[in-house]
Participant: 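Here you go, one structure.
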Amino acid sequence: MVVTFPIETPAQRQVLGVAIAFSILSVAAVCLRLLSHHLARKKWTLSDYLIIAAGILAVGLQSISITGVIQAGIGYGHVITIAGTYGTEPITKLLQLIVPLQFLWVLSLSCTKISILSLYLSIFPVTWVVRISWITMGVIVAWTIGTILAGCLICRPFAFNWDQTIPGGSCGNQVTSFTVTGVINLITDIVVLVTPMPLLYKLQMARYKKVTFITIFGLGGVTCIISILRISMLSTMDFTDITYSIPRANIFSGLEPCLAVILASIPMMRPLLGRSTYTPEVTAHPSKKSSPPSGRSRSAGDSEFRPLQDDSSELCLRPIGPKHEVSIAVQTLPETRGIPRGSEDSFEAGESRGMDQMQKGGWIISVKQEWAVLHGRK
């Protein structure tokens, strides 16, 4: 007979609220990530498939939490009260639900972390980052297998997890087991979080962009905080009064994988923000006023560029270097010709010209400046 508990206590409402809200948010985050790939015409990678799997597992975990509140008495009251009113069946069901809840927790977090690390491998092709990523992946896989084995073997026989009337059965310290797996989880969280930071700090870009990148990639710090809180809550669990002591630990156990999926998807949502009005490829600040050409000489290897005013969607650059040509001509007023053409024919890729004239007495002094312009693809 299935028991349905009325939703009466704050603990029940808290577990249900977190489970429903973050299930929706994690699904929305994965969908927005995939929509971003579609807008950017980017194919799905292993990182995307893993985050989809992580999202499905996280929602499955929250479904177990909801079932635990409605049918197993999570947050309803003490075990003695529930057993006296509804019998021991809800308690047995809750102990059964804890096993798959633990498995889904570790599997969802593992998929998320490996998804992030595989992303690092593609965008940070640096030797030490590659090595750390692969080593961390190996640790995560080992941690996942160890956590599942601990959940299966901590009680012998396995059914003793929920039926402690079995003769000769025994269980190890489940709270200690949860705490140890939580600590290893926290360590891998920190490694995943700090791995890209040195490279992001050394990026040659505007400071506000650098801070933005570091902040986005540093959002995983929130997951570390949740992991610490979860470990703290697990240490207070009492399996002899499981319905009363589990709500907070259950909230953080469900919150952590959902939040990890959300935060891992946020950096991939850049295409949803659109592109700069100044360039289709990169973000750039427009120059508020154009600078006059410099009169000082530059070395042949100078690659500096000066932005020009332009109302188009492209950022136009005037190169300052050896291809900057200046010609000066002097003619009398009656003449209509005689201004030398300089080196027009030498600019195969195109030209940008400027001419200034000054009249003094019966003479006209003309100054013409020419820059080579390379026409590239948009």
Side-chain angles (χ1 to χ4, degrees), residues 14-34 46-69 74 97-119 136-137 139-148 150-151 177-193 219-234 237 246-268:
Q14 289 168 7
V15 175
L16 288 176
V18 170
I20 294 171
F22 278 88
S23 293
I24 295 172
L25 290 174
S26 59
V27 171
V30 173
C31 291
L32 290 174
R33 173 179 178 144
L34 299 179
L46 176 62
S47 177
D48 300 310
Y49 289 109
L50 286 171
I51 209 69
I52 292 171
I56 294 172
L57 293 168
V59 172
L61 187 154
Q62 297 289 25
S63 300
I64 291 178
S65 296
I66 294 171
T67 303
V69 171
I74 291 179
L97 291 175
I98 288 176
V99 177
L101 188 146
Q102 184 181 4
F103 294 169
L104 291 174
W105 172 80
V106 68
L107 289 171
S108 178
L109 287 175
S110 298
C111 288
T112 301
K113 292 176 188 180
I114 296 176
S115 171
I116 296 171
L117 291 171
S118 65
L119 182 65
T136 308
M137 285 184 189
V139 172
I140 291 170
V141 171
W143 166 70
T144 303
I145 296 172
T147 302
I148 293 174
S177 174
F178 293 161
T179 303
V180 170
T181 57
V183 170
I184 298 174
N185 171 57
L186 176 60
I187 293 172
T188 55
D189 281 346
I190 294 173
V191 173
V192 172
L193 174 65
L219 290 175
V222 179
T223 306
C224 294
I225 295 172
I226 297 299
S227 182
I228 294 172
L229 293 174
R230 176 181 178 272
I231 294 172
S232 176
M233 295 302 153
L234 286 173
M237 278 182 57
I246 200 176
R248 289 187 178 180
N250 182 263
I251 287 174
F252 287 107
S253 293
L255 178 61
E256 186 178 5
C258 286
L259 196 59
V261 169
I262 294 169
L263 297 179
S265 298
I266 288 177
M268 310 304 295

Participant: Among Leu101, Leu97, Ile74, which one satisfies side chain to side chain contact (heavy atoms under 4.5 Å, CB included) with Ser65?
Facilitator: Leu101
Participant: If you measure only the distance, is there a donor-acceptor pair under 3.5 Å linking the side chains of Arg33 and Ser47?
Facilitator: yes
Participant: Rounded to the nearest 0.5 Å, how far does CG of Leu25 lie from OG of Ser265?
Facilitator: 11.5 Å
Participant: Is the closest side-chain heavy-atom distance between Ile187 and Trp143 below 4.5 Å?
Facilitator: no
Participant: Any idea which heavy atoms bring Ser26 and Ser23 closest together, and the distance?
Facilitator: OG-O, 2.9 Å
Participant: Could you walk me through whether Val69 and Asn250 pass the side chain to side chain contact (heavy atoms under 4.5 Å, CB included) test, one step at a time?
Facilitator: CA-CA 10 Å; Val69 171; Asn250 182 263; 5.8 Å; no
Participant: Using only atom types and a distance under 3.5 Å, with no angle test, would you say the side chain of Ser115 pairs donor to acceptor with the backbone of Cys111?
Facilitator: no
Participant: Would you say Leu229 and Glu256 make side-chain contact, with heavy atoms under 4.5 Å?
Facilitator: no
Participant: Could you give the distance from CD1 (Ile226) to CG (Leu255), rounded to the nearest 0.5 Å?
Facilitator: 4.5 Å
Participant: When you measure from the side chain of Trp105 to the backbone N and O of Gly254, does any donor-acceptor pair fall under 3.5 Å?
Facilitator: no
Participant: Measure the spacing between CG of Leu104 and OG of Ser63 and express it to the nearest 0.5 Å.
Facilitator: 9.0 Å
Participant: For a quick test of reading the model, state the closest non-hydrogen atom pair linking Leu109 to Pro257 and the distance between them.
Facilitator: CD2-CA, 3.7 Å
Participant: Would you say Met233 and Ile251 make side-chain contact, with heavy atoms under 4.5 Å?
Facilitator: no
Participant: As a test of understanding, state which of Thr136, Val191, Thr188 forms a side chain to side chain contact (heavy atoms under 4.5 Å, CB included) with Leu117.
Facilitator: Thr136
Participant: Using side-chain heavy atoms (C-beta onward) and a distance below 4.5 Å, is Gln62 in contact with Cys258?
Facilitator: yes
Participant: Find out whether Leu234 and Phe252 are in side-chain contact, i.e. whether some heavy atom of one side chain is under 4.5 Å from a heavy atom of the other.
Facilitator: no
Participant: In Å and rounded to the nearest 0.5 Å, what is the OG1 to CG distance from Thr223 to Leu259?
Facilitator: 4.5 Å
Participant: So, Ser227 versus Asn185: side-chain donor-acceptor pair below 3.5 Å or not?
Facilitator: yes
Participant: Identify which one of Ile114, Ile184, Ile145 satisfies the side chain to side chain contact (heavy atoms under 4.5 Å, CB included) criterion when paired with Ile140.
Facilitator: Ile114
Participant: Would you name the heavy atoms of Ala249 and Met237 that are closest together and state the gap between them?
Facilitator: CB-SD, 3.7 Å
Participant: Considering all heavy atoms of both residues, which atom of Ala19 and which atom of Ile66 are nearest to each other, and what is their separation?
Facilitator: CB-CG1, 3.8 Å
Participant: When you compare the side chain of Leu186 with that of Cys224, does any pair of heavy atoms fall below 4.5 Å?
Facilitator: yes
Participant: Can you measure from CD1 (Ile148) to OG1 (Thr181) and round to the nearest 0.5 angstrom?
Facilitator: 11.5 Å
Participant: Between OG1 of Thr112 and CD1 of Ile51, what distance do you get to the nearest 0.5 Å?
Facilitator: 4.0 Å
